[in-house]
Amino acid sequence: MKELQKRVWAEISLGHIEHNLAQLRRWVPEGCRCMGVVKADAYGHGSTQVAHTLEQAGADYLGVYCLDEAAALRLDGITMPIMIFGHTPAQYIGDVLDFGLTQTVADAGSAAAYAQAAKADGRTLRVHIKVDTGLTRYGFCATGTHFEECVQQVEDVCRTDGLEVEGIYTHFAVSDEEGEFNHQYTLDQYALFQRLLERIEADGFHIPIRHCSNTGAIVYYPEMAMDMVRAGNVLYDLGDEEDRLGLQTTFTLKAKISAVRMVDADTYISYGLTYKTRQPERIGIVDAGYGDGLPRSISNHFRVWTKDGFAEQRGRLCMDTFMVDLTALPDVGEGDTVEIFGPHASIHELAAAAKTIPEEFYCSVTKRVPRIYIK
Ligand SMILES: *Cc1c(COP(=O)(O)O)cnc(C)c1O
């Protein structure tokens with residue numbers, strides 16, 4: 001094959017990711033570390049390419065969910081600190097040590113098992129302690145009547161041979177959502193985290209890297225940056241009209257119009273007969289579908305950007321194709337490129353049509369779609 005056919009493809013702008021990191025740096029207080037979150041293949045962008053970009057651009061840490069993701073980055077030559085947010089079964093702790101990774105500790109049982117595994121090898125495992133202040137997912141539970149027990153458990157981890165506690169963190173539930181209740185909930189989570197840190201500090205345990213902010217808190221509660229922020233969405237420009245940081249689009253999905261045809265009035269289009277023309281329509285067939293990661297639920301509810309403006313989508317989206325109305329766009333034709341999302345066709349509109357969030361969209365773009373990297 002001479003070159004990629006480019007039926008449907010993703011253009012990933014590494015330069016814009018670098019720009020977004022620089023904007024983040026300017027936004028957070030001096031001395032605050034910036035972690036770039038590259039889990040889930042860097043939100044669909046491609047984790048090794050994004051990790052190399054972040055490493056060269058001077059990010060302080062990378063965050064992934066699991067050991068396999070971290071190991072892949074090490075094998076690809078990434079040498080900067082990498083943290084695993086999720087659980088790693090103790091039997092794999094040897095790999096975590098070999099790869100020089102930082103492991104999250106979220107409960108007492110894992111802490112003990114990790115310490116034992118590290119000591120058996122005569123080594124020390126670098127960890128960050130995860131505290132649950134109201135997300136109710138994993139982590140040492142600090143809420144309500146569990147506070148004192150949480151203090152004891154965190155201090156026990158700090159005392160454990162074989163573990164080096166480099167950091168401690170919590171995660172917010174609604175820092176990106178509007179409304180007084182959500183605002184108060186976030187303030188309460190933060191206050192609880194502070195109270196815990198003050199207690200363990202008073203008891204003589206100093207943990208160097210304390211962190212709580214992901215994108216929502218980075219943007220709306222900049223005073224909560226502490227020693228490090230964990231930035232996912234911010235790097236991938238999932239900021240919307242509320243974008244306060246001056247971010248640039250990193251992920252553009254494009255596809256080709258493979259054919260154009262005239263369709264008579266009163267004609268049904270595509271499976272399920274969900275759309276019927278009222279007048280003759282000039283219909284373009286776009287070469288992308290749910291096999292490329294576009295959810296079928298957006299059928300009839302989105303539009304694509306063409307060189308002459310927007311074209312409404314018609315009828316049910318198929319595995320490999322969907323139809324658009326080009327009646328008002330006579331100069332758009334076979335072989336032309338459309339933008340499904342990107343700088344013109346808003347990912348936020350598309351996500352709203354699918355009743356989801358942009359990051360789910362990015363993560364859903366399938367392997368069939370080649371990523372083309374632009375510096
Ligand atoms: C995914 C994740 C992040 C990044 O969240 P964004 O909202 O995308 O910035 C930060 N911290 C943890 C623990 C995560 O799992």
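What you see is a predicted model, and the numbers here were worked out from it, not measured in a lab. Note that ligands are numbered from 1 as they come in the structure, with each ligand's atoms numbered from 1 the same way. Starting from 1, each residue takes its place in the sequence as its number. Basis for what follows: all heavy atoms, side chains included, without hydrogens, waters or symmetry-related copies.
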Original post:
Going by the angle between their ring planes, with limits at 30° and 60°, are Y138 and Y65 parallel, tilted or perpendicular?
Top reply: perpendicular

Original post:
Counting heavy atoms only, which of Y43, Y169, F172, Y138 comes nearest to atom 4 (C) of ligand 1?
Top reply: Y43

Subject >> S175 (side chain) donor-acceptor with F172 (main chain) under 3.5 angstrom >> reply: no

Subject >> E359 contact mode with ligand 1 (heavy-atom cut-off under 4.0 Å) >> reply: neither

Subject >> Note: R195-D188 ion pair, threshold 4.0 Å (strictly below) >> reply: no

Original post:
Mind checking whether F302 and F322 have parallel, tilted or perpendicular rings, split at 30° and 60°?
Top reply: perpendicular

Original post:
V234: heavy atom below 4.0 Å from ligand 1, yes or no?
Top reply: no

Original post:
Non-hydrogen atoms of Y65 versus ligand 1: any pair closer than 4.0 Å?
Top reply: no

Original post:
Hey, are H171 and D132 close enough side-chain-wise for a donor-acceptor pair under 3.5 Å?
Top reply: no

**OP:** Considering only non-hydrogen protein atoms, determine which one is nearest to atom 9 (O) of ligand 1 and report residue, atom name and distance to 0.1 Å.
**Re:** T215 OG1, 2.6 Å

Subject >> Nearest-contact summary for atom 7 (O) of ligand 1 - protein heavy atom, Å >> reply: N214 ND2, 2.9 Å

**OP:** Check each of Y43, F341, W9, F361 against F251 using the ring-ring contact (aromatic ring centres under 6.0 Å, His included) test, and report the only one that passes.
**Re:** F341

Original post:
Taking N or O atoms only and a 3.5 Å limit, does V37 qualify as a polar contact for ligand 1?
Top reply: no

Original post:
What is the closest protein heavy atom to atom 12 (C) of ligand 1, and at what distance does it sit?
Top reply: H171 CE1, 3.4 Å

**OP:** Report the part of N233 in contact with ligand 1, treating N, CA, C, O as backbone and CB onward as side chain, heavy atoms under 4.0 Å; options are side chain, backbone, both, neither.
**Re:** both

**OP:** Provide, to 0.1 Å, the distance between atom 14 (C) of ligand 1 and the closest protein heavy atom, together with that atom's residue and name.
**Re:** K39 NZ, 3.0 Å

**OP:** Measure centre to centre between the rings of H45 and Y362, then say whether the value is under 6.0 Å.
**Re:** yes

Subject >> Contact partition for R230 relative to ligand 1, non-hydrogen atoms under 4.0 Å >> reply: both

Subject >> Check: Y271/R316 side-chain N/O donor and acceptor closer than 3.5 Å >> reply: no

